[in-house]
Amino acid sequence: MTETIQRHFIQQIIDADIESGKWGPPGDRSVITTRFPPEPNGYLHIGHAKAIHISHGIAREYGGKFNLRFDDTNPAKEEVEFVESIKRDLQWLGTKWDGEVCFASDYFGQMYDWAVELIEKELAYVDESTPEQIREMRGKVGEAGTDSPFRDRPISESVDLFAKMKSGEIENGKMVLRAKIGMDNTNLNMRDPVMYRVVNTPHHRTGDQWHIYPMYDWAHGLEDSIEGVTHSLCSLEFQDHRPLYDWFIDAINQGRSGDNKIHHPQQIEFSRLAISYTNMSKRYMRQLVEENRVDGWDDPRMITLASFRRRGYTPESIKDFVTGVGVTKFNAMTDMGRLEGALRDDLNKRAPRRMAVLDPVKLIITNWGDGGDVDRIEQMDAINNPEDDTAGTRQIPFGKELWIERADFMIDPPKKFFRLGVGREVRLRCGYWVKCHDFKQDGDGNITEVHCTYDPNTRGGNNPPPDEEGKVRKVKGTIHWVDAHDCIDAEVRLFDRLYKTEKPGKETGDHLDDLNEDSLEIRTGCKLEKTFQSVTPDEPQWPDGIRRFQFERTGYFCIDKDSADAKMVLNRTATLRDSWAKKHHK
RNA sequence: GAGGGAUUAGUGUAAUGGUAGCACGAGGGUUUCUGAUACCCUUAGUAAGAGUUCAAAUCUCUUAUCCCUUACCA
C-alpha cells in the first residue's frame, strides 16, 4: 500500500513554487519564509494558534524560516503587556521563531522613504480632507467614488506636507497620505486608500519619534518584503486587500530594475477558526475582561491561550486540535467537542490518576472494627496511570470512614444503576468490596451517611475466591473514595461554556445576551486523597510546570494559580466521557 | 442592484477528468479494579439544474445558499 501524504492547498502552491524556482534555485526548499504578525493589542486566542501552526508548520516542514513580527503600527491601541503575553504564549505552545523578534516599528524609516518615493512618482498625495469627507468621497458598493480636491496637488506640496505630518506639526485627523489609484475601482480598498495618518500618541517602543503611522495595507506587504517572507499567510477577510498588497509593492518597484526591485511576497488566505459556543472577537474578549464578567484575560472559561493554559489544557492538545481542523478556504464551524476530545486524548495518556470526591457523603464500614481495631488504617496500592507503565504506583490510606460521591448512592436506584443502594455491592477502587445495608438522612431528606460492610477477601479491589460451588461473585460497579480522616480539603472550580448559544451575539447583535450565567461553579469542601500532591519520581513532569491529574471517574484537573499552601484550588479542565450520564439525560 | 470567496455523510476534511475515502460524532457490541480507555460493528455524503466527455465532486454555464468588503483598526 502506498501512503499518500495529504497536502493542503497552501502546501500545494509552495510545492509548485519550489519546483518552478519561483523564490530561488528550483528545488531549494530552504528559501521558504513565513511569519506570524500579531498586533500587540490583546491576548492570543485559539484562533491565533491555528494561524501560528500553519505558518510555523510550513517553515519547519520546508526547512525555511519563521518570523515573529509585532505589527505595532497603531500606538493608540498597543501595549508592552501584550507583547510580553504573546511571546509567553508562543513559547508555551512550543513555537520557536527564527532570529530576533521583529517589529514593524523597526521599519518605519524605510517605509517613510518609500512613501516619499511614491509621492515623487505621483502615486501618492497628501489629502487635507476630513475623515467624514474621505468616507463620503469613497462612494458605496456598486457606485464610483469621487476625487478629492487635493488629488492633483503638486508633488512638492505633498512632499512638504508629508514632512510636516512626520515632524508633529499637524494635528490628528487633519491630514493623511493617500495612494493615487482610482476612485472608480470596484474594490473599495483600492479607492485611493490612506497610507499614513497622524497619531500624536507615544508609541510603546519608539516613543515620540514618530507622529505618523502607516496603515495596515501600506505597511504589511512592506514588512513582509523587508523580511524576505515568501508566503504571507492570512485569513480570508484579507482577500479583497490582496490587490492593494500587490499594488503597493509594484508601485515601489515601478521605475526600478534588477536588484533594485524589492522582494514581492505572495499573500495567501485561508479560513479562520470558528468554534461553536465561542466568539473569536478580540473586542468581545476585551469587553468581558474590562467589565469584570470574567477573571481577567486568563479566566479558564475564555478561549485565550492564557486561559487554556490556566485551565489545564496542554499545548500538545491544542496543536492536535488545530491540525485536525485542516487548512481550507471554507468557513467551517468546528464543534467545541473536538477541542475537548483532543485534550482527553492527550491527558488520558499522560495525566497521573488520583482520587477525589467533589460532592462528599460519608460511607461507614460497620464491620471494620469487628476485630477490635476500629482505628486500623490500611495502605492500598494504586496504579498511577494504567496507560503508562512507567508511571509507577502509590499507597493510599483506607479506614473505617470514607468519603464517596453523593451521586454514587441512590435510595431507590434503577436496575441499571451499578453503584450503591441498599442491598447492592460495589468495588471501592483499589480498596475493598462493600455492600450497603443502611443509610441516614437529615431533616431535609439529604443523605448523610451510607452504611456498608466490607468483604476482607476483596482487598485491593480483587475478586473474591470462588464459593463452594465454584461460582465467582461479581460486582458491576467500581466507585472512587477518599479516606475521611486522612484527606485534603480543596476548592474545585467547575466550568461550563461561557456562552449558551452556538454563535454568541448572532441573534441580538450583543454577545452579552448569550452569556451563560452558570458558567462557573465553585465547590468547596471537596476531598482529595492525601497523596494527591506527592509526585512520585516515576511520574512524568509537565514542561510548563502546571500540575495536572485525572481524578478517577470525575475528570481532568489542574492546580490553579490561586492555590496557596493553606488553600488548595483546582480547576476542572474537562470531564471524562460519561456514557451513563448521556443515556440518562435523554 | 457591485466586487471578492466558498458549498463533499450530523461536523470537519481527502480525492486535482477514471473505485467518493478518513477522522470525530451518533447507534450497537466486546474487554475492563475508572459507566474512562482500548477494540469491533453499523450509520450517512458530492447544494440544485443543464452542458462538455467514453468517463465529472473535479471543466463550463445557470440557479440557490452562506461568508467577506462601504475604519485616518489590524
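For B:U69, the base has no donor-acceptor partner in the side chain of A:Glu237 [N/O atoms by modelled type, under 3.5 angstrom]. Between the side chain of A:Arg338 and the base of B:G25 there is no donor-acceptor pair of N/O atoms closer than 3.5 Å.
Atom P of B:A6 sits at a distance of 38 Å from the matching atom of B:C40, rounded to the whole Å. B:C73 and B:U8: their C1' atoms are spaced 37 Å apart (whole Å). Of the C1' atoms belonging to B:A38 and B:U46, the separation is 34 Å, rounded to the nearest Å. If you take atom P in B:U19 and the same atom in B:A55, they sit 15 Å apart, rounded to whole Å. For the C1' atom pair drawn from B:A15 and B:A23, the interatomic distance equals 15 Å after rounding to whole Å. On the P atoms, B:A14 is 10 Å away from B:U7, given to the nearest whole Å. Taking the C1' atom of each, B:U30 and B:A64 are spaced 47 Å apart, rounded to whole Å. B:G4 sits 46 Å from B:C41 when the C1' atoms are compared, rounded to a whole Å.
For A:Lys506, a side-chain nitrogen or oxygen approaches OP1 or OP2 of B:C67 to under 4.0 Å. Phosphate contact (OP1/OP2 of B:A74, side-chain N/O of A:Arg197, threshold under 4.0 Å): present. A:Arg7 has no side-chain polar atom (N or O) that falls below the 4.0 Å cut-off from OP1 or OP2 of B:U13. The phosphate of B:G35 has OP1 or OP2 within less than 4.0 Å of a side-chain N or O from A:Arg553. Distances shorter than 4.0 Å separate some side-chain N or O of A:Arg135 from OP1 or OP2 on B:A71.
With distances taken from any side-chain atom of A:Ile134 to the nucleotides B:A26, B:G21, B:C72, the minimum falls on B:C72.
The cationic atom of A:Arg497 (NZ for Lys, CZ for Arg) lies less than 6.0 Å from the six-membered ring centre of A:Tyr277 and within 45° of the ring axis.
Between A:Glu425 and A:Arg473 a salt bridge is recorded (basic side-chain N to carboxylate O distance below 4.0 Å). One finds a salt bridge joining A:Arg350 and A:Glu316 here, because a Lys/Arg side-chain nitrogen approaches an Asp/Glu carboxylate oxygen to under 4.0 Å.
For A:Glu143, the CD atom sits in a packed shell: over 12 heavy atoms of surrounding residues, nucleotides or ligands are nearer than 6.0 Å.
Within 4.0 Å (heavy atoms only), A:Ser129 reaches at least one base atom of the nucleic acid. Residue contacts shown for A:Gln550 include a base, since a base heavy atom lies under 4.0 Å away. Note on A:Gln12: a base of the nucleic acid sits closer than 4.0 angstrom, heavy atoms only. Residue contacts for A:Arg429: at a heavy-atom cut-off of 4.0 Å it reaches a base atom on one of the strands shown.
Residue ring and base: A:Phe418 counts as stacked with B:G35 (centre distance below 5.5 Å, interplanar angle below 30°). The aromatic ring of A:Trp580 is stacked on the base of B:G35, with the two ring centres less than 5.5 Å apart and the planes inclined by under 30°.
Both A:Asp578 and A:Thr328 lie close to RNA chain B; mapped to their nearest nucleotides by heavy-atom distance, the more 5′-ward contact belongs to A:Thr328. For the pair A:Ala332 and A:Asn463, both in contact range of RNA chain B, the more 5′-proximal nearest nucleotide belongs to A:Ala332.
Summarising the geometry, the separation between CH2 on A:Trp481 and C1' on B:U34 is reported as 14 Å, rounded to the nearest angstrom.
In RNA chain B, consecutive stretches of 3 or more Watson-Crick or G-U wobble pairs with both distances under 3.5 Å are given as paired ranges: B:2-7 with B:64-69, B:10-13 with B:21-24, B:25-30 with B:38-43, B:47-51 with B:59-63.
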